[in-house]
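Hydrogens, waters and symmetry mates are skipped; everything else that's a heavy atom, side chains included, is used. Numbers restart at 1 for each chain; the letters A, B, ... are given by sequence-line order, proteins then strands.
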Amino acid sequence: MSGRRLPYPARGAPVAIRLNGRPVTAFAGETVFAVLCHEGVFALRRGGPGRPPRGALCGMGVCQECRVTIDGTPDRRACMTLVAEGMEIETDGR
Amino acid sequence: MNETAADVAIVGAGVIGAAIAFYLTRRGIRPLVIEKEDPAAGSSGACDGLVFLQSKKPGLHLELAIESRRRFEELAQVLGPEIEFRPSGGLCLIENEDELAALGRSIAAQRAGGLPVELIAGEEVRRLEPLVSERILAAGFSPLDAQVNPYALTFALLRAARAGGARLLGGEPVVGIETAAGRVRAVRTPRRRIAVPIVVNAAGAHAPEIGRLAGVEVPITPRRGQLLVTAARPPLLRHGLISARYIAAKFNPELARSGEMGFSLEQAESGNLLIGSTREFAGYDRRTSFEGIRAVARRVLPVFPALASLPVIRTFAGLRPYTPDGLPILGPVASMEGFLMAAGHEGDGIALSAITGEMLAAHIAGDSPRFPLEPFRLERFSTAEAA
Amino acid sequence: MAAERFEIAIAGGGPAGIACAAVLAQAGVPGLLIDEHPRLGGPGLRDAAGAFSPFAPAWARTVRAIRSLKKEALTVLPRTGLIGIEPGPRLLLAPEEGGLREIACRRLVIATGARERFLPFPGWTLPGVIATGAVQMLLKQGILPAADFVVGGAGPFLLAVAADIVRRGGRVRALANESRLADLLPPPGLLAGQGVKILDGLLRTLRVLVSGTRIAHGTRLLEARGAGRLQAVVTARVDKSGRHLPGTERVVPAALLAMGFGFTANIEPAQLAGCPLFFEDTLGGWLVQTDESLRTGVEGIYAAGEVTGVGGAEKSLLEGRLAGLAILEEMGRLDAAGRGEITRLQRKRKALLSFGRWFNRPSRFAAACRTNWFASLPDELTICRCEEVRLRDIRRTLAAGCRTPAGIKKATRCGMGVCQGNTCKGILQEVVAALTGGPPGGFPPPSVRAPLRPVDLGLLGGDTV
Ligand SMILES: Cc1cc2nc3c(=O)[nH]c(=O)nc-3n(C[C@H](O)[C@H](O)[C@H](O)COP(=O)(O)OP(=O)(O)OC[C@H]3O[C@@H](n4cnc5c(N)ncnc54)[C@H](O)[C@@H]3O)c2cc1C
Ligand SMILES: Cc1cc2nc3c(=O)[nH]c(=O)nc-3n(C[C@H](O)[C@H](O)[C@H](O)COP(=O)(O)OP(=O)(O)OC[C@H]3O[C@@H](n4cnc5c(N)ncnc54)[C@H](O)[C@@H]3O)c2cc1C
Ligand code: FES
């Protein structure tokens, strides 16, 4: 874990999700990208010769670098998806 | 205005212009290639890369294609792996009894014409391509059908031609052709005049404009094709694939209009799937339309339902240079000495590039071409009209 | 295919789109507001909750506008990407769930905002190198993504982000701004109208300085280093012509690099619609051309907000309202007071454009600096992150006779990947301009086609709902 949750008036209710098989508590209203950052997961996919890890860049839906598998569907943008109870997130950058 | 000179000027740096330049330099002739934008800015940069033989009409068309295909192995050796030539074999997918009957006849004729091709049953098709659905009754299979990266081919041909002494003048359109006493003297761009005795019209769908500059009427019409590109995936498909309907639509504009146009499908070496394509007469409009791209998707899905979850990442459209009889227009033009045609390859320009380059180069060098130019000359249309 | 009909469609639910929707909904005009994100507000506001700084009144106004949107007339479609526009205008929409939708509308307002602009440097593809805007959005959601940051790039936004990080308890180990201090100071003419923003800037500077951060101007992000993820950032000073000064390198350990080089407008929907564009580097590059009432060159299509010139939330709010009023006027539904407001807004807009020019200028380097930037980069640097196109490929293709970004794109696949060139097409234009000595904006932006966002083949071929 490398990130921290700060005091935040609009934080939603806790939701239980799984990140690469590991149970994680997130909060309603958070994007998947935010949760990944909080959990210190920055490498999200692999690309290029030698398949080095890649991570999110823009945070706002345009670069497609934050693609992860959500509930079995590949290529979902982490920065454009809000967490939901029971969500399963898989990253490919490990 | 700059004054220069050249032995041969080729108008257009698509795959056809590039192939002619390549084969000319092999005969020691150093042409000047004039391109209004960048190489492959036209159809050769907006198409599939099928070097397909099953889609060719038995007879002249097929013979030309087989001659061209023979040269691809050598091209792959000379130009290197960057052209992504793959002798993958191809399948022509059959969805109903009518298509089966029609393709059966065509296969018999193609075999008689020397093409190794056979009819295989649905199970066999699914063994070769596991993603094909039960809808497919059978398929034509030819081991000679192949794939290539069309842009890379164009660039590689040009690079090799330039290494052999050809020159490329990019970013300059040909805007005038000077003639005197029934022969070509020079071509003009906005920036220069190039004195030249031989001009090759390789401007693809824009060949009529270049023809007009020399007073030559060229019966070529742009026929738009819209294509989808999916995200890259590990290998899913092993062959070049077209549906039997796609071939039928190619030779029958009625069918193309009725929407029964089938599809073509291939996985490029980059992993992206290319799904083609419409056949529309829409002038020089290179945009895609909701209707067009959705129709292409709709046609491929029943045959490849497993591809439904594949993201389409972009679309594009190219203009096939269509001629009334489906054959390219090649060689000298009777009414204008020094003006040569090399355009009108419709949906076959990639596959026919090698033989076109070779035939034009041989003619320009004064050798007798390996394949006769006569049946492809422009005059065949005026004769037909006269008769 | 039958399309659903709406009187007005608004693409983009940032300040501009919201302000426009508010005016129209108030007047009872049936409209549609589309945004691909789950929440309205645009990237600048989106996740912010609670109190707003008194220095950013535009945000509070945006929030009030969102809350007061009259839902009777207005249909709001969040999580819905606009992926195509055809003459009509007809829109092709891709909801996050379910089938595609085709919409026919009489008028369309394009308010698709801006995105961050990036320049490539060694290591920019490492996980942990993320956009300044992304860091800011995380902070606004109440998440501090790391303890140690470097903030770098160019332009005035860097300071704002550094201040936010510090305020939320993070440590900014270095702020490396390629812009020179002199270029960041506002001209006296601007001070008058923008007092609040300027004061805000000063307070932020103080906050960052007090935290012990070194603020270095004329300083470049030379390299991001790390094995598998960012561990350190190398910075170096540059001279006036953009050459880096050997011996001034500093290696700064950090877990995250917040990086950005200003903003660039999301003009793609307008391009699809055939709207004429213009290029003004200091307003953000390629932009949508409009008249004073924000009508584009295409009948029935308006543009509002960052797409007409990157100028901040205040300008976007104003333009959204202005577009809404102009539409009401065209519909014959505006009284004299409304017409008077149009005139006032048009006048005020000019001042906000000046602010935009100041805001963007420092991140747009002079031609010489740009040339030196790209000349100094190594051959193996990745330019297109999706298709893994290296600078080497671009240099080779130029040498092989290609002259335009469009030609290079075809030859190298630069910009042909899943993001459709959103990240690298601007970079490619700048590389080509730098390497050929041409001006930025000398090449038209590459053509765009539907779909603007990846869409599943099954949806494309499926029925519209
Ligand atoms: C969707 C689609 C799919 C296809 N799939 C296949 C396939 O799988 N296999 C296959 O074999 N074929 C395929 N084709 C056909 C193939 O793309 C064309 O036949 C071929 O590219 C034609 O090449 P060309 O060099 O004649 O024309 P182009 O590539 O169009 O080249 C002509 C060049 O001339 C230039 N030019 C025009 N006017 C001027 C001027 N005034 N001055 C200077 N230059 C000028 C243009 O800029 C252009 O670069 C497909 C076509 C389309 C549209
Ligand atoms: C990352 C970032 C951070 C910022 N932070 C601040 C800040 O802290 N303070 C400040 O004063 N200003 C900030 N700004 C600037 C501020 O956001 C803008 O000035 C203002 O919000 C612009 O408003 P707009 O309505 O023109 O566009 P935006 O707010 O950008 O809204 C455009 C909307 O359109 C949507 N959209 C775009 N394309 C499509 C599509 N194809 N389909 C569907 N929807 C689409 C986007 O999701 C977005 O919500 C920031 C800008 C960015 C990009
Ligand atoms: S981080 Fe760029 S699209 Fe999500």
What option among B:Ala308, B:Ala152, B:Ala46 has the most heavy-atom pairs under 4.5 Å with chain C?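 Between B:Ala308, B:Ala152, B:Ala46, the count favours B:Ala308.
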Which of the residues B:Ala317, B:Ser270, B:Ala13 is involved in the greatest number of heavy-atom pairs with chain C at under 4.5 angstrom?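 Of the options given, most contacts go to B:Ser270.
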Is there side-chain contact between [X] and [Y], with at least one heavy-atom pair below 4.5 Å?
{"X": "B:Ser289", "Y": "C:Glu86", "value": "yes"}
{"X": "B:Leu228", "Y": "C:Leu457", "value": "yes"}
{"X": "C:Cys402", "Y": "B:Phe155", "value": "yes"}

Hey, could you give me the [atom1]/[atom2] distance between [X] and [Y], rounded to the nearest 0.5 Å?
{"X": "C:Arg396", "Y": "B:Arg159", "atom1": "CZ", "atom2": "CZ", "result": "8.0 Å"}
{"X": "C:Cys386", "Y": "B:Ile313", "atom1": "SG", "atom2": "CD1", "result": "7.5 Å"}
{"X": "C:Arg90", "Y": "B:Phe290", "atom1": "CZ", "atom2": "CZ", "result": "7.5 Å"}
{"X": "C:Leu460", "Y": "B:Thr315", "atom1": "CG", "atom2": "OG1", "result": "8.5 Å"}

Which atoms of [X] come close to chain C, meaning under 4.5 Å heavy atom to heavy atom: side chain ones, backbone ones, both, or neither?
{"X": "B:Val229", "result": "neither"}
{"X": "B:Tyr151", "result": "side chain"}
{"X": "B:Leu307", "result": "both"}
{"X": "B:Ile293", "result": "both"}
{"X": "B:Leu158", "result": "neither"}

Would you say [X]'s side chain and [Y]'s backbone share a donor-acceptor pair under 3.5 angstrom?
{"X": "B:Arg314", "Y": "C:Pro451", "answer": "no"}
{"X": "B:Glu37", "Y": "C:Gly407", "answer": "no"}
{"X": "C:Lys410", "Y": "B:Ala40", "answer": "yes"}

For the residue pair C:Arg413 and B:Asn272, confirm or rule out a side-chain donor-acceptor distance under 3.5 Å.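 Short answer, yes.
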Answer yes if the side chains of B:Ser309 and C:Asp456 hold a donor-acceptor pair under 3.5 Å, and no otherwise.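 No, because no side-chain N or O of B:Ser309 sits under 3.5 Å from a partner of the opposite role on C:Asp456.
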Examine whether an atom of C:Leu459 lies under 4.5 Å from a heavy atom of chain B, and if so say whether it belongs to the side chain, the backbone or both; otherwise answer neither.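 Just its backbone gets close to chain B.
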Relative to chain B, which segment of C:Ala399 carries a heavy atom at a distance below 4.5 Å: side chain, backbone, both, or neither?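 When you check distances to chain B, only backbone atoms of C:Ala399 fall under 4.5 Å.
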Is it true that C:Glu102 and B:Arg294 have a side-chain N and a carboxylate O under 4.0 angstrom from each other?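 Looking at B:Arg294 together with C:Glu102, the answer is yes, because their closest N to O distance falls below 4.0 Å.
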Please check if atom [atom1] in [X] has more than 12 non-hydrogen atoms from other residues, nucleotides or ligands closer than 6.0 Å.
{"X": "C:Arg106", "atom1": "CZ", "result": "no"}
{"X": "C:Arg5", "atom1": "CZ", "result": "no"}
{"X": "B:Arg162", "atom1": "CZ", "result": "yes"}
{"X": "B:Arg30", "atom1": "CZ", "result": "no"}
{"X": "B:Glu291", "atom1": "CD", "result": "no"}
{"X": "B:Arg287", "atom1": "CZ", "result": "no"}

Pairs of heavy atoms under 4.5 Å with chain B: top-ranked of C:Ile83, C:Thr397, C:Thr404: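 The candidate making the most pairs under 4.5 Å is C:Thr404.
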Heavy-atom pair with the smallest gap, counting every atom of B:Asp38 and C:Gly401: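 Heavy atoms of B:Asp38 and C:Gly401 come nearest at OD1-O, 3.8 Å.
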